[in-house]
Structures are given as C-alpha cells and as structure tokens.
Amino acid sequence: MEVKKGIPYKTELNNDHKKLNAKMIDFHGWEMPLEYSGIIYEHMAVRKHVGIFDVSHMGDIIISGNDADKFVDYMFPSKVSALNINECLYTSFLDNKANMIDDTIIYKLNKKKFFLIPNASTIDKIYNWLLENKNNYDVDINNYSNNISHIAVQGPDAYNVLNDMNIEIPENFKVIYHKINYNNVLTGNNNIMVSGTGYTGENGVELIIPNDIASEIWNELLSKIKKYNGLPCGLGARDTLRIEKGMLLSGQDFKEDKNPYEASISFIINYDHNFIGKDKLLVAKENYNNIFRGFILENRNIPRNGFEIYSSKNDLIGKITSGSLSPILNCGIGLGYINKKYNKINDIIYIKIRNNLVKGRITRPKILK
Amino acid sequence: MSIIPENLNYTKSHEWFIIKDNVATIGITDFAQNQLTDIVYIDMPKIGDTKKIKGILLTIESVKSAEDVYSPVNGKVVEINNDLNEKPELVNSDPYKYWLVKIELSDNNFESMDYKKYKEYIGE
C-alpha cells in the first residue's frame, strides 16, 4: 500500500479542527492544528487536567509472518520478540553506521504479528527500509497509515475521561482492546487499541482507531473532557510538553546523525541478539563525544535549533536542537548535544541568543521531573 | 478576522504606527500577534538607539518562533513600553493598546498603508 501523495495530507479530523477554529499549519506535508486556544493554555490543561490531540499523521505498519519475531529483532537494537503479547516498547531504527533513522513504539500483537508507529515525516522511509532489509525473512509488511487515526488523551484526568466513556485503562506500555461497531482493518476485527503510551510525560493513553470512527470518538472526547476543564490541544503544546520531559523529536533532535548513546537512550540497546548496526554501535559505545542534555535558562529567552552552547570558560561545547518556553518553569528551556567532557548536571552554561550569552545550567534530558 | 483600527498606519511587515508631535508610537498588528502565537519575551532596543526604516527595531519571542519587528520610520528610540517587561503576553491580548516603542522622527520619509490597503494586503 502506498502512502497517499499530494500536499498537504489531511487527517480524518481535519474538518473537526476547522470547526474548532484551530490555527492550521503545514507539518511535514500534513495540515495539522498548531493551536486551538493558545499553546501555553493548552500545555497547562494537559499538566493540570486533560488534553486531547489528533496525532493521526503518525504511521501504522504491521509486520507479520512466520519470521516476524526474528525480523523485528534484526531491525532493532532492542529485543522486541521478548515482549509479552499486547506490550510495547520504545526503540529506534539504526542504519548500518548505528545512527538513528527514526524512533518508534513497537507492539507485539501476537507471536507472529508486530505493529509499529513511525513518525509522520519518515513513514515512507521506514516502510522502504523494512522492505530493503526483508531479505529472506518470511514476513509481510503492510502500511495502514492511510486507514488509521490516532487520538492521544493525556493528563492527570485522562483516566477519568476514559472511565466516563467505559473504556478500560491499560498499564503503561500495554494495550487493551475496546469493542466498537466498526470493522478495524488494523486488528482484523471490531476492536480498537487503547495504548498506555504518550508524548507528554503525563498519564494517559493513545487510541489507535479506524478512520471511520475517528470523528465520532473525537467529538465524544470533546464533550467528556469539559467536566475536567480539558482542552483540545495542537502540535504547539505537544512540542512544548515533550521538550519539558526531554523526549526526542525525530528529524529535529536526531537526523541519521546520532547513535543511541549520544541521544541518551542507551537503555534501548540489548546486545544479546544480532541487529542492523550492531558492530558499529559497539565501536560507538567507546568513542562517542557528545551527549544529549537539557538546559534551563535564567530568563524567558528561548534557545532555538542550532544555537550555540558555551562553557563558563567560553569554549563552544555544543548546540541546541529543540527549545521552548517552559510554561511550568516560566523560563527558556532547551535540548541539545554537548561535549561529554563538560557534561556535569547543574554546571553553568551560556547559550548564544542574538549576540547575547544567556546564562543557564545543564540538566538531564527530562528537564521537568 | 483580524482587528484593523481605521486611524493607524500599517507596514508590509505588520507593524502599526501613529505619529503625533514628531513621535511615532509603534506596535504590531492583530494579524501579526495571531501569527506569532503566545508571546513570551520581547528583546527591546535601548532608549537613544538610532533606528532606520526597515532596519530591525526589536525581536519578539513567541513559543513558536522569534520574529524581528522592523522600524517604520527613521529616528531615535525615546520610550519603550515597560508594561511589557514582565507581561509581554499583553501584546497578544490587545496589540493596539500595548504599543512597543516610541521613536522621535529624524525625517518624514516613511511609507505606509491605510487600514483598507492593509486589510487587502493580508487578504481579509
């Protein structure tokens, strides 16, 4: 199946966003809501109450067949086959140089069927990468990205909203199935997936649902979240929420130029199996110079992608990859890579913002505990 | 639809200004603040700075991006709006009440659009 062409792509909820007067933007060829009521306002709704997000631009790929378990182990530095059924994990595709192509959540649906969610900007690349590496593995690779919608329900009141909708709540990184009155091409039955995952650092789920039912569920959620002062949230708040929690953004914080050691996600690596990039990753383990860190500034200046980071002795020690205002801390925050030699948590750094050196300090990537 | 008061002058880079007693009061338009999203910081010029038409007057940081605001006139900065130091988001709430800076004109060389032309320019 080909991913649909023509820009911008639209999700099934495009008209619903316009009805809500969302400010729409082009995100990697997708017409997506940036904000409805304001980025900071939406951000705070997720931290204090609940927010719902249309993230249907994310991809949906199923790998199935006799060798599915062996194939997914070969494709990832994580031992995906070791998952229990209906569990998922966070991992990353590596290229032959052990650089990260795209990070993803992958689910084990049964022993011979795995489901993964590539980022919107890399769906075609990942689909082709899987096909290129299929070799003699007995697997089918199917791209359902055009048929499936995703709605994230995130925040301390997310579980209350789901309760009100009689949807059972999965544990983190687990999936529960919920029956609907539509056929679901992804699951092959009348179930939708309720996944204990998210990109905000809050409690919540992601509903992975057939397009036919997306608008119905979105509008039901819209009415149910009101009781909890919840809000529909756009990609603006999604970005500020994930930056506060130090979550990587594919294509921005890494772009086939960083390995998992540099990106501070070495926890995904398991050397007990063979996988693409393994030999180079073993070399990289002893030889990497830069590491992904968070930065908190002392004022509301915002570090942006590409801004330089200096040590207190004025050495250039790294660059910012993502930055924002932290609505919670009320100051500028950034994520980026610095030379490991200078990597001491709480050490003072300076970020060059429009010819000023703005003082800040180093934190772990998860800036907000 | 953006708010576009009839009594102001507008630029193609979405500043508004009004001249009184040889001093231009300058702000950004409703269209501009809406495009910017939540404003979080304004990098103000210093009083006494000399500014030239189409030169960078100041920079506004929003959650989404950092955008330069250009001077619509030639002259010297004589006042900045100190209300915005602590609460730059006031510009989002009312971009015409919350002006940014005042510039004393050194000449009368400026180009501007009236509200009708500006409305047409932004396609509303």
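Throughout, a chain's letter reflects where its sequence line sits, starting with A, and its residues are numbered from 1. Remember, it's a predicted structure, so these values are computed and weren't measured experimentally.
- Side chain of Asp38(B) to main chain of Gly38(A): no donor-acceptor pair is present (N/O by atom type, distance under 3.5 Å, no hydrogens or angles).
- Top candidate by heavy-atom pairs under 4.5 Å with chain B, chosen from Ile353(A), Asn299(A), Asn330(A), Leu34(A), is Leu34(A).
- Residue Asn92(B) does not touch chain A at all, counting heavy-atom pairs closer than 4.5 Å.
- Other residues, nucleotides and ligands contribute only 12 or fewer heavy atoms inside 6.0 Å of the OH atom of Tyr41(A).
- Open room surrounds CZ on Arg364(A); 12 or fewer heavy atoms of other groups in view lie less than 6.0 Å from it.
- Between Glu35(A) and Val63(B) there is no side-chain heavy-atom pair separated by less than 4.5 Å.
- Only the side chain of Leu325(A) comes within contact range of chain B, judged by heavy atoms closer than 4.5 Å.
- Heavy atoms from other residues, nucleotides or ligands lying under 6.0 Å from NZ of Lys245(A) number more than 12.
- Per-residue counts of heavy-atom pairs under 4.5 Å with chain A were compared for Ser62(B), Ala66(B), Ser65(B); the largest is that of Ser65(B).
- Here the OG atom belonging to Ser324(A) is positioned 13.0 Å from the NZ atom belonging to Lys64(B), to the nearest 0.5 angstrom.
- More than 12 heavy atoms of other residues, nucleotides or ligands sit less than 6.0 Å from atom CD of Glu79(B).
- Within 6.0 Å of NZ in Lys97(B) there are 12 or fewer heavy atoms belonging to other residues, nucleotides or ligands.
- Contact of Asn356(A) with chain B is made through the side chain alone, with heavy-atom distances under 4.5 Å.
- The environment of Lys319(A) atom NZ is sparse: at most 12 non-hydrogen atoms of other residues, nucleotides or ligands sit within 6.0 angstrom.
- Between Arg300(A) and Glu86(B) no salt bridge is recorded (no basic side-chain N to carboxylate O distance below 4.0 Å).
- Only the backbone of Gln35(B) comes within contact range of chain A, judged by heavy atoms closer than 4.5 Å.
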